[in-house]
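The chain is numbered in sequence order, starting from 1.
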Amino acid sequence: MKKLIVILLAFVLILSLSACAQTPGAAPSDAAAAETPQSDAVSKPESDSPLAGKRIGCTIVYKGDEWCSALATALEKTAENYGATITVEDGEINDEVQTKQIENMLSSGVDMIFADPATPDGCTEVLMKAVDAGIPIIIYDCYWNEADQAVTSITWDQELTGELTAEYLIDYVAAHPERYPDGEANVVLLELNTSSAAELRSKCFTEVLAEKAPGIQIVEVQDCEGNREKGANVIANTVVPFDFVVSVVDNGAWGAVSTLRALGNEDVKVLSMGAYGAEPFEALYEDDPNYLACVVVDPQVISDGIYSAAERHLKGECVDATTYIDLFVADHSNVTNFWSFDE
């Protein structure tokens with residue numbers, strides 16, 4: 001009799017453990033995955049991931065941008081850990097290029113598509129072909145106007161990016177009244193007109209300044225076209241006096257820095273609305289006279305969020321429609337929170 005009771009108790013325990021393992025919500029949310037503390041490490045998923053053996057088509061808005069290039073590398077390395085196959089193609093900030101790339105993906109029979117569209121509607125027609133074919137789509141970094149047709153969107157809040165940059169600039173000016181009397185300062189804004197995400201950053205930055213700091217004037221607005229050379233040329237050819245350069249992308253910021261260094265100008269400060277890696281963080285750590293601050297956007301966090309969402313979708317689990325990663329502003333005072341430095 002005692003032996004029978006032991007067997008029955010063991011059976012009940014097995015059932016309870018099984019039930020716990022299948023409890024809805026046991027897997028981390030997309031937000032939790034995307035808000036993992038900044039790290040260069042790529043987490044190792046379970047070997048039996050449903051992504052194993054999957055062929056993933058991927059287009060990224062522009063590999064010529066260092067941050068996008070870092071994200072492309074992160075996506076490819078993370079795929080290896082899941083046993084998936086992926087090639088991240090350069091979209092060249094061009095709707096037609098990305099449309100052709102996605103058409104080729106469909107023709108080759110990919111199992112899933114990761115898309116970082118240059119504009120919200122430029123690839124809609126071909127992406128809807130993927131939807132009709134039952135191919136899961138994950139949008140990342142930028143936006144798609146039919147995002148409800150995708151599994152999810154993993155990105156960063158572009159409007160918040162502009163707001164954080166404006167707030168930092170306002171606080172910096174207020175903290176240095178000897179340099180900016182009466183809270184007055186002039187700004188050159190470097191935009192990227194071919195990117196809808198960058199346009200949102202610029203728009204919100206401009207609105208926050210107008211509302212909260214009328215003394216800080218945007219005296220010049222130019223398109224840096226996402227590259228350093230153009231950013232450098234804009235600053236070299238700007239004749240109106242200015243105190244700050246604010247760029248929606250880090251390439252534009254570094255183009256500005258290169259011109260300022262060539263001119264021996266250490267007074268003008270440069271802010272970037274999105275950066276990550278050794279170059280910007282080492283400049284902040286060394287208290288570069290020009291490169292003042294940047295919004296921290298960790299490519300690996302976005303990559304991890306994408307693969308986590310893809311895996312959960314293939315497991316039949318619920319995936320949030322949109323996930324924004326955490327954003328921070330880094331400068332000399334706090335950059336060690338985001339990057340390790342060899343002393």
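No donor-acceptor contact under 3.5 angstrom links the side chains of Asp121 and Trp144, judged on distance only. Side-chain contact check for Thr238 and Glu220: no donor-acceptor pair (N or O, by modelled atom type) lies under 3.5 Å. Residues Thr78 and Gln300 have side chains that bring a donor and an acceptor to within less than 3.5 angstrom of each other. A side-chain donor-acceptor contact under 3.5 Å links Asp250 and Tyr291. Side-chain contact check for Glu311 and Ser49: at least one donor-acceptor pair (N or O, by modelled atom type) lies under 3.5 Å.
Val335 places a side-chain heavy atom less than 4.5 Å from the side chain of Phe341. At least one side-chain heavy atom of Leu292 sits under 4.5 Å from a side-chain heavy atom of Phe244. Between Phe328 and Val295 the shortest side-chain heavy-atom distance does not fall below 4.5 Å. Tyr140 places a side-chain heavy atom less than 4.5 Å from the side chain of Leu71. Contact annotation: the side chain of Arg55 approaches that of Ser108 to within less than 4.5 Å [non-hydrogen atoms, C-beta and beyond]. For the pair Lys230 and Asp223, the minimum side-chain heavy-atom distance is 4.5 Å or more.
A salt bridge is defined here as a Lys NZ or Arg NE, NH1 or NH2 lying under 4.0 Å from an Asp or Glu carboxylate O, and Asp320 with Arg312 fails to meet this definition. A salt bridge between Glu96 and Lys100 is absent, with no side-chain N of the basic residue lying under 4.0 Å from a carboxylate O of the acidic one.
In summary, of the residues considered (Asp116, Thr155, Leu75, Val297), a side-chain contact (heavy atoms from CB on, under 4.5 Å) with Ile302 occurs for Val297 alone. Remark: of the listed residues Glu225, Gln222, Glu229, Gln222 is the sole one forming a side-chain contact (heavy atoms from CB on, under 4.5 Å) with Val234. The ring pair (Phe, Tyr, Trp, His ring centres under 6.0 Å) test with Trp156 singles out one residue from Tyr276, Trp67, Tyr143, Tyr324, and that residue is Trp67.
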Note to self: Would Leu106 and Lys129 count as a side chain to side chain contact (heavy atoms under 4.5 Å, CB included) here? Give the steps.
What the structure shows: CA-CA 8 Å; Leu106 295 177; Lys129 290 180 182 179; 3.8 Å; yes
Check: Does the pair Ser247 and Trp254 meet the rule for a side chain to side chain contact (heavy atoms under 4.5 Å, CB included), with working shown?
Finding: CA-CA 9 Å; Ser247 177; Trp254 281 105; over 6 Å; no
Checklist line | Residues Tyr172, Asp331; criterion side chain to side chain donor-acceptor pair (under 3.5 Å); working and verdict | finding: CA-CA 11 Å; Tyr172 185 85; Asp331 62 10; over 6 Å; no
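In this structure, Met273 and Val246 approach most closely via the heavy-atom pair CE-CG1, 3.6 Å.
Within a 6.0 Å radius of CD in Glu282, more than 12 heavy atoms belonging to other residues, nucleotides or ligands are found.
Checked against a 6.0 Å centroid threshold, the rings of Phe114 and Tyr307 count as neighbours.
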